[in-house]
Amino acid sequence: MATLELQGELQQAFTKVHQPREGAWSGHITMAGGAQLQVPLPPRYTELTPEETALAIARAKERLGSRLVISGHHYQREEVIRWADFRGDSFKLCKDAAARPDADYIVFCGVHFMAESADILSAPHQKVILPDLHAGCSMADMADIDQVEEAWDALQEVCAGQRIIPITYMNSAANLKAFVGRNGGAVCTSSNARKIMEWALKPIDDGGAGGEKLLFFPDQHLGRNTALLEMGFKPEDCVVWNPFEDLGGQDEATLRRAPILLWKGHCSVHGTFMPIHVDNIRKRYPGIKVVVHPECIYEVVTKADAYGSTEKIKHIIEAGQPGEVFAVGTEINLVSRLAQENPDKTVVCLNPNVCVCSTMYRVDGPHLLWVLENLLEAHVVNQIVVPEPIASQAKLALQRMLDIA
Ligand code: SF4
């Protein structure tokens with residue numbers, strides 16, 4: 001049950017965004033993972049040609065030297081990721097950046113929740129910068145902290161006497177990770193979801209969290225795919241909590257019975273892949289191997305030959321035989337890059353329509369150049385800062401994951 005004190009803390013669960021340049025910005029405070037405000041770029045940045053932008057980025061990066069590390073998520077566009085010192089999924093990037101304590105600035109080319117996690121896991125002197133503050137994540141935004149607190153209170157009442165362990169996917173705002181941390185739960189990624197969910201339901205004497213049930217945020221599909229395909233649960237064991245309906249749209253008996261409660265959230269990119277796409281691509285390319293991300297719906301994942309995190313998808317294709325044909329169910333920038341980097345194989349997107357993550361796409365060459373040139377002038381723009389106690393509580397949930405997985 002959330003106390004008044006905790007609710008007060010939650011109201012302060014803001015991410016401060018500093019724009020210290022005199023006259024250009026007076027400071028902006030926004031809910032972690034929520035709506036953002038990005039100042040328009042000075043015209044110079046939008047007037048440069050792509051070649052001029054690239055040249056200027058190269059110069060700025062060289063001048064900043066080891067004080068700068070650029071992290072690039074797999075879903076970033078080519079004009080951005082080519083400058084990344086590290087490429088990877090969100091958690092790998094946070095770990096990579098933390099391994100560079102000599103860097104004062106971590107420019108995180110990804111989305112808001114990733115920059116928050118990088119800030120939480122980085123050293124105190126490091127400043128994390130998101131090139132475009134509009135780069136959010138629709139999935140992370142589906143688990144609003146007020147709705148989460150309301151759901152938690154209702155479940156504590158309906159399921160009185162049952163221990164519920166909250167688990168959140170890495171793709172969530174810092175205030176949700178903090179909620180999970182202070183309520184005995186842990187963060188998970190798409191590669192360790194099974195281990196974390198098993199820990200949640202394992203008796204305390206066996207090193208688990210002793211939960212009778214778990215509440216999984218915000219991606220119902222990762223939670224369901226893991227429970228059904230890797231943990232032996234049945235469809236009726238998994239119940240979806242819809243935050244816009246009374247009692248999540250369920251009756252009390254169902255909530256008490258179900259061991260797996262799934263928050264009604266999804267990824268707008270991976271949700272576009274449908275079973276018909278798998279059927280069609282198999283007809284078009286007999287013998288094709290279909291590999292998808294576990295944020296896809298269960299009916300797609302069960303039709304695929306393999307599924308896994310972006311890192312796993314990458315490894316599967318790299319380990320494929322020359323001449324092999326793959327259909328990949330994930331964001332188009334990664335699919336295109338995999339095709340380019342594996343010229344001895346054929347790599348196509350599972351969905352014939354382009355599946356771009358529109359928020360990832362907001363980070364472009366001009367925004368990257370803008371933050372770098374500001375750094376050259378000792379102006380830190382678009383810094384992402386997760387304040388206390390949110391940062392410590394979120395770190396607790398992240399640390400539990402590291403200890404378990
Ligand atoms: S691909 Fe999906 S989960 Fe990833 S950042 Fe985009 S909307 Fe969020």
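Start at 1 and go down the list; that is how both ligands and their atoms are numbered. Worth saying up front: this structure is predicted, and the values here are computed from it rather than measured.
For the pair R67 and Y105, the cation does not sit on the ring face, since its NZ or CZ is not both under 6.0 Å from the ring centre and inside 45° of the axis.
Closest protein heavy atom to atom 3 (S) of ligand 1: N171 ND2, 3.4 Å. Distance from atom 7 (S) of ligand 1 to its nearest protein heavy atom, with residue and atom name: S138 OG, 3.5 Å. Of all protein heavy atoms, the one lying nearest to atom 8 (Fe) of ligand 1 is C137 SG, 2.3 Å.
Classification of the H270-F273 ring pair by plane angle, with boundaries at 30° and 60°, yields tilted. The aromatic rings of W152 and F179 lie perpendicular to each other, with more than 60° between the two planes, well past the 30° mark.
If you take CG on L155 and CG on L247, they are separated by 8.0 Å, rounding to the nearest 0.5 Å.
Backbone or side-chain N, O or S atoms of C357 reach atom 6 (Fe) of ligand 1 at under 2.8 Å. None of the N, O or S atoms belonging to C267 lies under 2.8 Å away from atom 8 (Fe) of ligand 1.
Residue-level proximity to ligand 1 for E295 is carried by the side chain, the only part with a heavy atom below 4.0 angstrom.
Nearest-heavy-atom check against atom 4 (Fe) of ligand 1 across F113, Y361, Y75 picks out Y75.
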D364/E79 under side-chain contact (heavy atoms from CB on, under 4.5 Å): CA gap, chis, key distance, verdict: CA-CA 7 Å; D364 58 9; E79 71 186 58; 3.4 Å; yes

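Counted by atom type alone, D119 and Q383 present zero donor-acceptor pairs between their side chains at under 3.5 Å.
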